[in-house]
4 protein chains.
Amino acid sequence: MELTTDSMEENLPRREREKAAHRKEIMEAAIRVFARRGVHAATLDEVALEAEFSKGTIYLYFSSKEDLLFNILNNLSQNMITTFREAISGKRSFKEELHDLFVTIAEFSFNYKDHMKIVTGQHVAGFNALSKEGCEKLLKMHNEMVKIILDRAREAFRKGELRDLPLEAITSMIHGSLDGMAISRWNFETLEEAKQAVNVFIDILFNGIGKGKEKKS
Amino acid sequence: MELTTDSMEENLPRREREKAAHRKEIMEAAIRVFARRGVHAATLDEVALEAEFSKGTIYLYFSSKEDLLFNILNNLSQNMITTFREAISGKRSFKEELHDLFVTIAEFSFNYKDHMKIVTGQHVAGFNALSKEGCEKLLKMHNEMVKIILDRAREAFRKGELRDLPLEAITSMIHGSLDGMAISRWNFETLEEAKQAVNVFIDILFNGIGKGKEKKS
Amino acid sequence: MELTTDSMEENLPRREREKAAHRKEIMEAAIRVFARRGVHAATLDEVALEAEFSKGTIYLYFSSKEDLLFNILNNLSQNMITTFREAISGKRSFKEELHDLFVTIAEFSFNYKDHMKIVTGQHVAGFNALSKEGCEKLLKMHNEMVKIILDRAREAFRKGELRDLPLEAITSMIHGSLDGMAISRWNFETLEEAKQAVNVFIDILFNGIGKGKEKKS
Amino acid sequence: MELTTDSMEENLPRREREKAAHRKEIMEAAIRVFARRGVHAATLDEVALEAEFSKGTIYLYFSSKEDLLFNILNNLSQNMITTFREAISGKRSFKEELHDLFVTIAEFSFNYKDHMKIVTGQHVAGFNALSKEGCEKLLKMHNEMVKIILDRAREAFRKGELRDLPLEAITSMIHGSLDGMAISRWNFETLEEAKQAVNVFIDILFNGIGKGKEKKS
DNA sequence: CATGAATGAGGCTTCATTCAT
DNA sequence: GATGAATGAAGCCTCATTCAT
């Protein structure tokens with residue numbers, strides 16, 4: 001999985017291709033630095049060093065540090081949303097799809113370790129360091145992702161795949177688990193470990209941890 | 001619930017009591033500002049303004065901005081650990097205790113909204129903005145809290161209260177849910193709502209979301 | 001003549017007096033540097049060096065370089081307008097008053113050499129380097145000064161002290177001469193020289209340079 | 001009236017002619033930008049954009065921003081000096097020639113609005129932003145122009161066309177008026193207006209604004 | 001103890017100039 | 001000749017920290 005730059009595989013003049021490549025290099029360097037040091041603490045000097053460009057060059061591609069961050073987040077979120085949608089399409093059982101979704105997220109977390117660190121670092125307090133529009137943009141992304149799961153859960157419920165529980169609670173639980181995975185669990189050593197963990201997660205999510213004679217609804 | 005300052009209720013000379021009170025006021029002001037603006041973006045000017053002390057005075061009580069943050073986090077984490085321990089003592093069923101733990105966390109989140117924002121904002125990338133020792137201290141706190149749950153889960157498993165699942169998975173799930181609550185769920189309007197949500201959470205955690213014919217273990 | 005700082009001679013607490021004094025010192029240093037190097041080319045490093053304060057200190061007194069400039073210009077223009085008004089009060093003949101006005105300007109130019117350099121440097125192209133409001137503020141000052149002369153000239157004309165010429169032309173001529181003095185003529189060696197020059201100026205202004213048989217109106 | 005480029009009308013090879021044309025285009029673009037934004041605030045990016053050449057190309061024709069400015073000023077001043085000389089040749093009465101000179105300047109101001117803005121913006125403080133040699137070059141031009149008037153005034157005085165006044169004062173007054181016109185008066189709506197104003201100016205200059213019984217010399 | 005003015009290192013950003021294509 | 005990406009010095013501004021009162 002790679003940073004998606006629209007103009008990637010097209011047959012553009014060399015100059016254009018190089019520009020796109022450099023832009024990508026800068027973004028990737030920034031992602032590493034932002035993840036390592038935190039968005040606010042990271043300096044453009046560090047990004048420039050990591051990108052092996054001079055600091056001034058960054059400004060040929062991004063109008064400011066904030067613009068750089070937005071481009072990274074935008075790129076990532078579109079990537080995530082697309083990936084989410086593909087995993088959850090309502091064509092199989094909710095459980096199967098949720099399993100795939102978790103695996104996808106696990107893969108995502110492995111492939112985009114640094115990106116996830118940035119996103120999660122931005123979750124709460126970090127927002128306030130951004131401009132009004134920046135916050136709104138990020139919130140919109142977040143909500144879009146929640147909605148995908150909520151819609152799918154609603155359908156699953158209608159089809160009788162789920163117990164009679166408040167949909168929000170279900171979605172919340174799923175999201176919490178996903179967040180949990182994204183935030184704390186990316187430190188599985190291998191993707192294989194992570195995938196096995198997903199099986200258990202899904203098991204727990206659907207069957208609970210209790211010895212389970214007490215099913216109610 | 002209040003910030004616990006060791007020298008609170010003791011019978012100290014007036015000077016000492018005043019000093020302790022001022023220290024507390026500064027910490028509480030800092031918590032509000034850190035939560036509102038993010039730890040890195042917050043300035044000591046803002047803290048001083050909020051505390052209604054001069055900037056210089058802060059340095060009479062704390063040796064640096066980082067020291068101020070550590071004291072806040074230390075204080076909070078001791079508070080949390082104590083509270084955790086009280087909720088999970090192994091004297092009732094794991095489910096009951098977990099329920100109480102979640103309720104406690106919910107209460108915590110309501111009473112210490114700002115504290116939670118700081119902690120969660122510091123979770124990942126933020127750590128790296130701190131000094132080596134700072135990070136280690138925070139990590140130790142975190143691990144300690146994990147350990148409490150892990151120990152209790154192990155015991156519950158021995159007593160047959162839990163399905164045959166990897167203990168780490170169970171703990172991880174619980175922790176993920178707690179994190180999820182702490183991070184995203186403190187925006188329940190009322191504590192009552194939050195408590196009801198806890199019931200559902202516990203239900204899901206123990207019984208799963210599935211229609212449940214497929215119990216395995 | 002000195003920079004007018006409102007709180008100058010009042011009995012303020014020492015802290016306040018010192019603050020006002022430092023503010024004044026910074027402004028005066030800035031005036032010297034702005035005059036020497038041009039407003040745009042001057043750096044705050046130079047101002048700080050000249051003021052014998054650190055660069056950061058400047059920001060305790062002024063919110064930005066532009067703010068510093070505005071305060072200087074405001075102060076100066078109020079000074080000038082006041083001085084203008086005093087010189088031209090309509091109590092004697094226009095010629096006498098104009099003479100005094102020119103002398104006053106000459107004195108001003110001697111006492112405020114640097115200030116004048118800044119003002120005149122800002123006259124034209126420089127405006128565009130300022131913000132919208134900055135330009136408007138400066139323009140307002142300029143117009144106010146023009147108006148004072150225009151009003152007085154109108155009165156003088158009514159009293160029959162002037163030839164039948166368009167008032168704007170007269171004002172314009174006077175203003176041009178004043179500008180000329182301010183811009184190019186402050187390099188008289190001594191004030192005495194300047195004052196003598198004023199006599200000639202007034203003579204020319206009222207009687208012309210021609211051998212003068214040809215008076216028309 | 002056009003920018004005079006020495007190699008303009010000669011029969012040069014196409015390459016040479018093109019080079020000269022590009023050079024001229026860049027200078028004219030620079031003049032517009034310098035006038036609009038001020039010399040210091042203007043960037044070569046803006047000049048390049050206005051000239052519709054790339055930034056690098058400018059350096060093929062001029063060795064630096066300062067060099068570009070000098071060439072512009074040189075060009076202009078030679079233009080002005082030539083024009084001055086033509087207007088003031090000592091073949092008619094001083095008054096007539098001065099009248100023509102003012103009209104010429106008025107025309108100049110209309111045709112070279114932008115050039116004048118640059119020159120006047122550079123008059124005083126701006127000089128110091130230039131290198132030593134730059135300043136001297138500009139000063140020399142200035143003095144040359146003063147000298148032309150001074151010489152002619154001397155001759156006029158000898159011929160009895162002028163009152164017995166210090167020559168410097170007369171020259172100064174004339175120059176001041178010219179400056180005044182150049183600086184503040186180019187905002188006549190039409191050249192016609194400006195020319196009428198010149199008549200009044202000359203009238204005032206020669207006959208004064210006073211009711212004029214008091215002729216002395 | 002408390003104050004807040006002063007400091008200066010360090011961050012973001014701009015822009016004249018260079019250079020490989 | 002022409003281009004425009006790359007550079008890095010330098011400018012403005014912020015803020016944690018110190019210190020004299």
Side-chain angles (χ1 to χ4, degrees), chain A residues 13-16 18-19 21-23 26 40-48 51-68, chain B residues 15 18-19 22 26 40-49 51-68, chain C residues 13-16 18-19 21-23 26 40-48 51-68, chain D residues 15 18-19 22 26 40-49 51-68:
Chain A
R14 195 174 51 68
R15 264 284 169 77
E16 297 296 316
E18 265 183 25
K19 246 184 107 164
H22 289 178
R23 192 183 154 89
I26 291 172
H40 201 108
T43 73
L44 286 195
D45 274 292
E46 291 169 310
V47 174
E52 293 181 280
F53 282 104
S54 91
K55 200 168 26 162
T57 303
I58 297 177
Y59 283 86
L60 294 179
Y61 295 93
F62 303 94
S63 63
S64 69
K65 188 185 177 184
E66 193 172 8
D67 183 44
L68 175 54
Chain B
R15 260 292 168 72
E18 264 182 27
K19 249 181 94 166
H22 289 178
I26 291 172
H40 199 107
T43 72
L44 287 196
D45 277 290
E46 291 169 308
V47 174
L49 196 70
E52 294 182 280
F53 281 102
S54 87
K55 200 164 33 159
T57 303
I58 297 178
Y59 281 84
L60 295 177
Y61 293 93
F62 303 94
S63 65
S64 70
K65 188 185 177 183
E66 192 171 10
D67 182 44
L68 175 54
Chain C
R14 195 175 49 69
R15 263 284 169 76
E16 296 297 316
E18 265 182 27
K19 246 183 108 164
H22 289 178
R23 192 184 154 89
I26 291 173
H40 201 110
T43 72
L44 287 194
D45 274 292
E46 290 168 310
V47 174
E52 294 182 280
F53 283 105
S54 91
K55 198 166 30 164
T57 303
I58 297 178
Y59 284 86
L60 294 179
Y61 295 92
F62 304 94
S63 63
S64 69
K65 188 185 175 183
E66 193 172 8
D67 182 43
L68 176 54
Chain D
R15 261 291 166 71
E18 264 182 26
K19 251 181 94 167
H22 288 178
I26 291 172
H40 199 107
T43 72
L44 287 196
D45 276 290
E46 292 169 307
V47 174
L49 197 69
E52 294 182 280
F53 281 102
S54 87
K55 200 163 34 160
T57 303
I58 296 178
Y59 282 85
L60 295 178
Y61 293 93
F62 304 93
S63 64
S64 70
K65 189 187 178 183
E66 193 172 10
D67 181 44
L68 174 54

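Atom set for the values below is all heavy atoms of this structure, side chains included, hydrogens, waters and symmetry mates excluded. Proteins come first, then strands; the chains are lettered A, B, ... in the order of their sequence lines, and each starts at number 1.
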Checklist entry - Separation of C:D45 atom CG from F:dA9 atom C1', in whole Å? => result 13 Å
Checklist entry - Of B:S63 and C:S63, whose closest DNA chain F nucleotide lies nearer the 5' terminus? => result C:S63
Item to check | Given F:dC13, F:dA6, E:dT7, the nucleotide with the shortest approach to the side chain of C:F53 | outcome: E:dT7
Checklist entry - 5'-most contact on DNA chain F: A:L60 or D:E18, nearest heavy atom basis? => result D:E18
Checklist entry - To the side chain of D:L44, which of F:dA5, E:dA16, F:dG4 is closest? => result E:dA16
Checklist outcome for this item: Sequence neighbours excluded, the answer for side-chain hydrogen bond (donor to acceptor under 3.5 Å, both in side chains) partners of B:S64 is none
Checklist entry - Out of E:dA5, F:dC12, F:dT17, which has the shortest distance to the side chain of C:K19? => result E:dA5
Item to check | D:Y59: partners by ring pair (Phe, Tyr, Trp, His ring centres under 6.0 Å), with sequence neighbours left out | outcome: none
Next on the checklist: Taking 4.0 Å as the cut-off, does a side-chain nitrogen or oxygen of D:H40 come that near to OP1 or OP2 on E:dC15?
Outcome noted: no
Checklist entry - So what does A:A42 hit on the nucleic acid, given a heavy-atom distance under 4.0 Å: a base, only sugar-phosphate, or nothing? => result sugar-phosphate
Next on the checklist: In whole Å, I'd like the distance from the CG atom of D:D67 to the P atom of E:dA16.
Outcome noted: 14 Å
Checklist outcome for this item: Between CD of A:E66 and C1' of E:dG11 the distance, given in whole Å, is 15 Å
Item to check | Integer-rounded Å distance: F:dA16 P and B:L68 CG | outcome: 11 Å
Next on the checklist: By nearest atom, which of the nucleotides F:dT3, F:dA5, F:dA16 is closest to the B:T43 side chain?
Outcome noted: F:dA16
Next on the checklist: Would you compute the distance between atom CZ of B:F62 and atom CG of B:L44 and round it to the nearest 0.5 angstrom?
Outcome noted: 11.0 Å
Item to check | Approximate separation, where rounding is to 0.5 Å, of A:S54 OG and A:D45 CG | outcome: 10.0 Å
Checklist entry - Is there a donor on the side chain of C:K55 or the base of E:dT7 sitting less than 3.5 Å from an acceptor on the other? => result no
Checklist entry - Starting at CD1 of A:I58 and ending at P of E:dT13, how long is that distance when rounded to a whole Å? => result 10 Å
Next on the checklist: How many whole angstroms separate atom CD1 of C:I26 from atom C1' of E:dT7?
Outcome noted: 13 Å
Checklist entry - In chain order, what residues pass the salt bridge (Lys or Arg N to Asp or Glu O under 4.0 Å) check against C:K65, with sequence neighbours excluded? => result none
Next on the checklist: Given F:dG11, E:dT7, F:dT7, identify the nucleotide with an atom nearest to the side chain of A:S54.
Outcome noted: F:dT7
Item to check | Test salt bridge (Lys or Arg N to Asp or Glu O under 4.0 Å) applied to A:D67 - qualifying residues, sequence neighbours left out | outcome: none
Checklist entry - Which dot-bracket notation, 5' to 3', represents the base pairing of DNA chain E when pairs are defined as Watson-Crick or G-U with both distances under 3.5 Å, crossing pairs as [ ], and inter-strand pairs as |? => result .||||||||||||||||||||
Next on the checklist: Classify A:A51 by what it touches in the nucleic acid, base, sugar-phosphate, or nothing, heavy-atom distance under 4.0 Å.
Outcome noted: nothing
Next on the checklist: Under a 3.5 Å distance rule, please check whether D:E18 uses its side chain to pair with a backbone N or O of D:R15 as donor and acceptor.
Outcome noted: no
Next on the checklist: side-chain contact (heavy atoms from CB on, under 4.5 Å) for D:T43 and D:E46? Distances and angles first, verdict last.
Outcome noted: CA-CA 5 Å; D:T43 72; D:E46 292 169 307; 3.4 Å; yes
Checklist entry - Any donor-acceptor pair under 3.5 Å joining the side chain of A:K65 to the base of E:dT13? => result no
Checklist entry - Using 30° and 60° as the class limits, which term best fits the ring planes of B:Y61 and B:H22: parallel, tilted or perpendicular? => result perpendicular
Next on the checklist: By nearest atom, which of the nucleotides F:dC13, F:dG1, E:dT17 is closest to the D:Y61 side chain?
Outcome noted: F:dG1
Checklist entry - Measuring from A:R23:CZ to A:L68:CG, what's the distance to the nearest 0.5 Å? => result 9.0 Å
What N/O pairs connect the protein and nucleotides 19-21 of chain F at under 3.5 Å? Give each pair on its own line.
residue	atom	partner	partner atom	Å
F:dT21	O3'	C:R14	NH2	2.6

Checklist entry - To the side chain of B:T57, which of E:dA2, E:dT17, E:dC12 is closest? => result E:dA2
Next on the checklist: Whole angstroms only, please: what is the CZ-C1' distance between A:F62 and F:dA5?
Outcome noted: 15 Å
Checklist entry - Quick one: B:E52 CD to E:dA2 P, roughly how many Å, whole number? => result 14 Å
Next on the checklist: Looking at every heavy atom in both C:I26 and C:V47, which two are closest together, and how far apart are they?
Outcome noted: O-CG1, 4.4 Å
